[in-house]
Colleague: 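Questions regarding the structure given below will be posed in turn.
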Amino acid sequence: MLKTLGAQIKEFKTASILTPICMIGEVIMEMLIPLLMASIIDDGINAENGANMNHVYLIGVLMLLTALISLAFGIGGGVFGAKASTGFARNLRKAMYENIQTFSFSNIDKFSTSGLVTRLTTDVTNMQNAYQMILRMCMRAPFSLIIAMAMSFWISPRLASVYLVAVVILGGVLGLIVSQAMKHFSQAFPKYDDLNESVQENVSAIRVVKAYVREDYENTKFKKASGNIYKIFCKAEGIVAWNSPVMSITVYACIILISWLGAHMIVQDELEIGKLMSLLTYCMNILMNLMMLSMIFVMITMSMASARRICEVLNETPDLSNPAKPVTEVRDGSIRFDNVSFSYKKDADTPVLKNINLDIKSGETIGIIGGTGSAKSSLVNLVSRLYDVTDGRLLVGGVDVRDYDMEALRNQVSVVLQNNVLFSGTILENLRWGDREATEEECRKACILACADEFIQRMPDGYNTFIEQGGTNVSGGQKQRLCIARALLKKPRILILDDSTSAVDTATDAKIRKAFAQEIPGTTKLIIAQRVSSVEHADRIIVMHEGQIDGFGTHEELLAGNEIYREVYESQMSGSGDFDENHDDNKISDGNNDNQGGRDGHGNNADDGGKGSHGKGGM
């Protein structure tokens with residue numbers, strides 16, 4: 001863990017080294033001041049031959065210089081410490097964020113969205129504070145304590161032994177306090193995940209909350225999550241609060257004992273007044289530094305839980321990686337499934353896809369239909385290698401997808417999901433996610449194909465209209481058409497439409513399909529749909545049922561030879577039923593099987609339930 005975190009110090013090593021050096025310099029200067037004060041009293045004011053004002057002035061100037069040097073060291077330690085700690089936090093966030101970008105879907109499934117947000121914010125802030133504390137206080141406190149103790153023994157070993165006993169007793173009590181507080185602090189940070197999840201879910205779905213008048217329920221849920229953190233920290237801080245009274249009792253007991261013993265020693269000419277004052281100063285210094293050390297231990301304890309959570313993200317390795325010599329060019333849009341099986345978890349009892357064999361020619365339009373949980377989305381997710389097949393081979397352009405450079409493959413496979421996301425920015429900026437160099441005319445042409453140009457032109461600022469985060473200021477159908485246009489700008493060899501016209505009326509759906517057939521005939525098109533009318537004009541249609549291919553052929557062939565397809569077609573043509581309707585033969589998926597899930601790990605509606613049996617929603 002230390003190696004993982006230490007690697008993020010990088011260019012801030014110099015600041016990290018200079019900070020403790022400045023702290024040591026500050027401590028040395030501070031330790032000299034009590035000795036100089038003792039010299040002023042004993043050798044200047046209480047000199048044997050009367051007050052020696054020259055000595056007082058000289059030592060006074062030295063004290064002033066010492067204080068200024070100490071101040072300079074203190075400022076330097078503060079500046080370098082802030083630079084090192086904030087830089088360390090910046091590098092942690094950057095490294096975590098960049099590593100998250102390399103995660104495959106299966107990696108992302110291991111972490112909740114709220115958990116990743118907590119790690120990037122609260123946990124990194126804890127590490128930043130702890131690192132600054134380590135650089136400054138962890139060096140200052142023990143070094144100051146050791147020097148003060150050495151100075152005390154040099155002045156009077158008899159009186160300094162009082163400090164030693166006090167330090168041992170106080171150290172034991174503070175150690176007990178810290179160990180008890182640690183248990184509660186380690187429980188607190190996972191609770192932040194619950195709090196962030198509550199806030200994130202509420203804000204993103206605020207329209208639904210208001211539509212169903214669930215504000216009171218959401219307030220109660222938030223209050224509970226917030227209350228859990230409050231209770232844990234109250235317990236922890238209640239234990240830590242004992243630091244102050246224990247410290248006060250110890251400090252005042254030491255002062256009384258030293259004053260009483262020191263007075264007797266002064267009367268017996270065994271100690272000078274100035275040295276007694278120095279001892280009292282060192283007493284406060286020693287005990288306060290001991291208290292500071294206890295607070296450092298508390299801070300480090302709090303940060304340990306955060307450090308482990310951060311390292312989990314930094315050390316997570318992507319399940320998918322490029323081969324040693326990747327293929328960088330996709331020859332064509334042909335697709336071949338060669339006895340492919342797939343599971344989201346390797347130890348799953350039942351695979352999501354079982355023995356899939358398909359041969360799709362480049363430029364074909366393939367419809368994919370099936371009930372909820374039939375693994376339609378899982379099938380197409382393998383094409384762009386969002387997941388790897390468990391068994392068998394999947395070839396695109398005649399090459400196994402595992403032999404491709406993943407960026408090159410995904411640039412040639414555009415995927416439009418049912419619940420696509422638009423980012424905050426103008427329409428043009430969102431469209432150029434497909435091609436960052438696309439001209440406005442190219443963007444407009446793609447929008448015409450996707451039937452999006454018509455509503456964009458009606459907007460006040462046209463293609464420069466600002467889209468709110470998540471596309472909340474456009475309708476579901478408009479969002480889907482913009483996402484289709486964005487995918488077309490990639491000029492892909494394979495275009496996957498995962499039920500991406502579900503929010504579009506049938507007339508617009510027909511226009512989009514016609515435009516695809518005329519304008520991008522060389523692109524292989526995989527169209528997942530619940531409506532038979534959306535795929536009946538495809539070259540061939542795949543009928544999925546419980547993770548297997550129940551039928552594959554043209555519309556006419558399936559009507560003649562596939563019972564599932566024919567029954568659903570007839571029910572839809574008569575205005576009743578679809579692929580999720582219960583049928584007498586019980587062959588049609590009803591969406592209630594144990595292996596079916598309603599939502600995927602990323603908040604999308606599930607077209608298949610393969611993950612449902614493993615605690616995940618179907619992709």
Side-chain angles (χ1 to χ4, degrees), residues 108-109 111-122 190-231 372 377 416-427 429-430 433 452 454-456 458-461 464-486 498-506 508-509 530 578 580 591-592 596-607 609 611-612 615-619:
I108 295 172
D109 291 342
F111 303 96
S112 66
T113 303
S114 58
L116 290 174
V117 171
T118 304
R119 286 168 167 84
L120 285 164
T121 52
T122 304
K191 298 295 181 183
Y192 275 113
D193 290 352
D194 298 334
L195 182 65
N196 280 343
E197 184 177 10
S198 177
V199 173
Q200 185 179 27
E201 189 174 53
N202 179 271
V203 172
S204 61
I206 191 66
R207 289 169 175 80
V208 178
V209 173
K210 291 187 176 297
Y212 284 86
V213 197
R214 298 283 282 178
E215 290 90 346
D216 290 341
Y217 171 78
E218 289 295 314
N219 287 337
T220 302
K221 188 168 71 171
F222 177 84
K223 185 177 180 180
K224 181 180 179 181
S226 180
N228 288 335
I229 297 175
Y230 167 78
K231 290 175 184 177
T372 302
S377 291
V416 185
L417 301 174
Q418 180 181 1
N419 292 323
N420 261 283
V421 175
L422 294 176
F423 297 88
S424 54
T426 65
I427 289 177
E429 288 171 346
N430 271 277
W433 274 67
E454 53 191 49
F455 72 80
I456 295 175
R458 293 196 299 268
M459 291 181 168
D461 298 318
N464 292 311
T465 299
F466 190 83
I467 299 294
E468 300 294 339
Q469 184 179 7
T472 55
N473 59 332
V474 292
S475 70
Q478 290 171 339
K479 185 190 297 186
Q480 285 186 339
R481 282 179 277 175
L482 286 172
C483 291
I484 292 172
R486 181 174 65 187
D498 189 353
D499 208 8
S500 54
T501 58
S502 59
V504 174
D505 60 87
T506 53
T508 303
D509 185 13
Q530 294 290 341
D578 61 19
D580 291 322
N592 294 319
Q596 292 171 342
R599 296 181 69 82
D600 69 7
H602 318 289
N604 298 318
N605 287 339
D607 271 323
K611 286 181 170 178
K616 302 283 183 183
M619 275 302 302

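Positions are given from 1 along the sequence. Bear in mind the structure is a predicted one, so any value in this text is a computation, not a measurement.
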Colleague: How many angstroms lie between atom CG of Asn473 and atom OG1 of Thr465, to the nearest 0.5 angstrom?
Modeller: 8.5 Å

Colleague: State the CD1-CG distance between Ile427 and Asp461, to the nearest 0.5 angstrom.
Modeller: 9.0 Å

Colleague: Please list, chain by chain and in numerical order, all residues satisfying ring-ring contact (aromatic ring centres under 6.0 Å, His included) with Phe423, sequence neighbours excluded.
Modeller: Trp433

Colleague: Nearest 0.5 angstrom please: Glu429 CD to Phe466 CZ, how far?
Modeller: 7.5 Å

Colleague: Apply side-chain contact (heavy atoms from CB on, under 4.5 Å) to residues Gln480 and Thr508 and explain how you reach the verdict.
Modeller: CA-CA 12 Å; Gln480 285 186 339; Thr508 303; over 6 Å; no

Colleague: Decide side-chain contact (heavy atoms from CB on, under 4.5 Å) for Leu482 and Asn430; before the verdict, give the C-alpha distance in whole Å, the side-chain angles of both, and the deciding distance to 0.1 Å.
Modeller: CA-CA 8 Å; Leu482 286 172; Asn430 271 277; over 6 Å; no

Colleague: How many angstroms lie between OG1 in Thr372 and CD in Gln530, if you round to the nearest 0.5 Å?
Modeller: 5.5 Å

Colleague: Counting distance only, does the side-chain N/O of Ser226 pair as donor-acceptor with the main-chain N or O of Phe222 below 3.5 Å?
Modeller: no

Colleague: Taking atom OH of Tyr230 as the centre, report whether more than 12 heavy atoms of other residues, nucleotides or ligands fall under 6.0 Å from it.
Modeller: no

Colleague: Does anything in residues 468-482 form a salt bridge (Lys or Arg N to Asp or Glu O under 4.0 Å)? List the pairs, not counting sequence neighbours.
Modeller: Glu454-Arg481

